[in-house]
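See structure below.
For this chain, numbers begin at 1 and follow the sequence in order. Only heavy atoms go into these numbers, but all of them, side chains included; no hydrogens, no water, no symmetry mates.
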Amino acid sequence: MGAGAGAAEEPSQTRRALVDTAAGAISGGISRTVTSPLDVIKIRFQVQLEPTAKWGVLRRDVSGPSKYTGLMQATKDILREEGLPGFWRGNVPALFMYMPYTAIQFTVLHKLKTFASGSSRTEDHLHLSPYLSYVSGAIAGSAATVGSYPFDLLRTILASQGEPKVYPNMRSALVDIVQTRGVRGLYAGLIPTLVEIIPYAGLQFGSYDTFKRSMMSWNRYRYGIEEDDSASSFQLFLCGFAAGTFSKAACHPLDVVKKRFQIEGLKRHPRYGARIESSTYKGMYHALTEIVVKEGFGGLYKGLFPSVVKSAPAGAVTFVAYEYISDWIGAKAGVE
C-alpha cells in the first residue's frame, strides 16, 4: 500500500515540478519584456563613473562630462540616439537569463517549501514560518543565479552600450569576453551577485509571503469569511509591488558593484564616459570603498530610482503571472 502510494505520488511531483518550471519561465519572460526600458536606463546609470544627478555634475573633482544626469534626460537621449529598440537592448540574453532564472527559482522554492511543510499544496505553504520563506527564497535565488549567470553578464554588457555599438550582437560580446578574460570571465562578478541575491531573494520571497498572509487576514477580517483564503489579482499585485520595492532598495549597492565587475576591462565608447580598466577593483569590499571615495555614497545608489520603479512592477508582474499561470497549467495537468 505504502509503495503504491509512493509510486502514485512521484508522477504527481514530477508534474508539479514541470508546472513550476513552465510558470516560472513564462512569468519571468513577461516581466522582463515589460520592464526592459527601465532596466536599460538603470544599467546605464550603474556603469557610469561620472555623476548621474545634475547636482553632482557641479562637483570640481569630476574629470569628464556626464552622459546621463536623470531619468527623463536619459529617456530622451536613448530615444533620440537609438530609437525605441534602444530600450530593449540586451533583451535577448536577458530573456535567456530570466526565463531559466525564474524557472529554477520557483521550482527550487516550491521543492523547499514542500519539504518543509510536508505537502505540495500551495495553500499549505502559507502556514510556514516567515523565516522559512526567507531562507527558501535565498537558496532558490542562489541556485537560479548560478544556473543563468553568463546570460546576466551578456545582458549587462549589451544594455550598457549605446550607439555606435561596441558589440553588434550577443555572439561578438561572448567571443570578446572569452578572448579577453577566458571562460572564467563569463562569471565575472558572481561572488558579489551571490552576496546580493541571498538577502535580495530572501527578502523578496519572504516579504511577499508576509504581505500575502497579511492581505488574506485582512480579507477574513473585512468580509468575515473564515474559509476565504484567497487574494484578488490586484491584492497579489500590491504584495508583489511592495516586495519588489523593499528588497531592491535594501540590496542596491551590491547590484552596482556587480555591474562594475561585469564590464570591468571591456570595451566602452568614449561618448558614454570613462572605461573601467582591468583590475580597478580588487574585491567586493575594495569596490565598495573605491566607489564611496571617488563617487561619494551616492555612487552606491546610482540607478536606484529607475531600479525601484522597475523592480516594483517587475516583482508584481512576476508574482501575479506565476500564480495565475501556475494555477492554469496545474488545472490542465490535473496537479493540485
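- Taken from CG in Asp152 to CG in Leu186, the straight-line distance is 12.0 Å, to the nearest 0.5 Å.
- In this structure, the side chain to side chain donor-acceptor pair (under 3.5 Å) partners of Lys42, at least two apart in sequence or on a different chain, are Asp39, Asp255.
- Here the side chain of Tyr167 pairs no donor or acceptor atom with the backbone of Leu154 at under 3.5 angstrom.
- For the pair Thr180 (side chain) and Ile177 (backbone), a donor-acceptor distance under 3.5 Å is absent.
- A continuous path of Ile, Leu, Val, Met, Phe, Trp and Tyr side chains, each step under 4.5 Å between heavy atoms, connects Leu254 with Phe297, placing both in one hydrophobic cluster.
- Distance check, rounded to the nearest 0.5 Å: CG of Asn91 to OG1 of Thr33 gives 5.0 Å.
- Judged purely by atom type and a 3.5 angstrom limit, Ser36 uses its side chain to pair as donor or acceptor with the backbone of Phe87.
- Take Tyr281 and apply the side chain to side chain donor-acceptor pair (under 3.5 Å) test, not counting sequence neighbours, and it matches Arg260.
- For the pair His252 and Leu304, the tightest heavy-atom approach, listed with the atom from each and the gap, is NE2-N, 3.4 Å.
- Glu290 is linked by a salt bridge (Lys or Arg N to Asp or Glu O under 4.0 Å) to Lys294, counting only residues two or more places apart in sequence or in another chain.
- Linking ILVMFWY residues whenever their side-chain heavy atoms come closer than 4.5 Å, directly or via other members, leaves Ile139 and Phe115 in distinct clusters.
- Using a distance-only test at 3.5 Å, with no hydrogens or angles considered, a donor-acceptor pair links the side chain of Glu264 to the main chain of Thr280.
- Across Met170 and Pro93, no two heavy atoms sit closer than the pair SD-CB, 3.4 Å.
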Discussion item. Test salt bridge (charged side-chain N to carboxylate O under 4.0 Å, His left out) on Glu50 and Lys67; report intermediate values, then the result.
Written reply: CA-CA 8 Å; Glu50 297 78 17; Lys67 173 65 176 172; over 6 Å; no

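- The closest donor-acceptor contact from the side chain of Lys302 to the backbone of Leu49 lies under 3.5 Å.
- Each of Ile263 and Val175 belongs to its own hydrophobic cluster when Ile, Leu, Val, Met, Phe, Trp and Tyr are linked at side-chain heavy-atom distances under 4.5 angstrom.
- Residues Phe261 and Ala287 share a closest heavy-atom pair of CE1-CB, 4.0 Å.
- Although no hydrogens or angles enter the test, the distance criterion places no donor-acceptor pair under 3.5 Å between the side chain of Gln48 and the main chain of Ser66.
- With sequence neighbours excluded, the residues forming a side chain to side chain donor-acceptor pair (under 3.5 Å) with Glu277 are Arg275, listed by chain and number.
- Residues Tyr285 and Leu194 are members of separate hydrophobic clusters, defined by side-chain heavy-atom contacts under 4.5 angstrom among Ile, Leu, Val, Met, Phe, Trp and Tyr.
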Item to complete: Walk me through it: do Gln46 and Tyr301 pass the test side chain to side chain donor-acceptor pair (under 3.5 Å)?
Response: CA-CA 8 Å; Gln46 288 178 320; Tyr301 291 91; over 6 Å; no

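- Taking Arg80 as the reference, Asp77 meet the side chain to side chain donor-acceptor pair (under 3.5 Å) condition, with sequence neighbours excluded.
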Fill in: Chi angles and distances behind the side-chain contact (heavy atoms from CB on, under 4.5 Å) call for Glu196, Val257
CA-CA 10 Å; Glu196 173 209 3; Val257 171; over 6 Å; no

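- Contact detail for Leu112 and Ala140: the closest heavy-atom pair is CD1-N, 4.4 Å.
- With respect to Arg44 and Glu82, a salt bridge is recorded, a charged nitrogen being found less than 4.0 Å from a carboxylate O.
- To the nearest 0.5 Å, atom CD1 of residue Ile78 and atom CD1 of residue Ile41 are 5.0 Å apart.
- No donor-acceptor pair closer than 3.5 Å links the side chain of Trp88 to the backbone N or O of Pro37.
- Remark: Phe151 pairs with Phe96 by the ring-ring contact (aromatic ring centres under 6.0 Å, His included) rule, at least two apart or across chains.
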Worksheet item: Yes or no on side-chain contact (heavy atoms from CB on, under 4.5 Å) for Arg181 and Leu266, after CA distance, side-chain angles and deciding distance?
Response: CA-CA 9 Å; Arg181 302 171 172 171; Leu266 297 178; 3.6 Å; yes

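- Residues Ser160 and Ile43 share a closest heavy-atom pair of CB-CG2, 3.8 Å.
- With hydrophobic clusters built from ILVMFWY side chains whose heavy atoms lie under 4.5 angstrom apart, Met72 does not share a cluster with Val308.
- The distance from atom CD1 of Ile291 to atom CG of Leu300, rounded to the nearest 0.5 Å, is 5.5 Å.
- What you find for Ala173 and Ile157 is that their closest heavy atoms are CB-CG2, 4.5 Å.
- With a 4.5 Å cut-off on side-chain heavy atoms, Met284 and Lys258 do not count as touching.
- The OH atom of Tyr149 lies 4.0 Å from the CD atom of Gln262; values are rounded to the nearest 0.5 Å.
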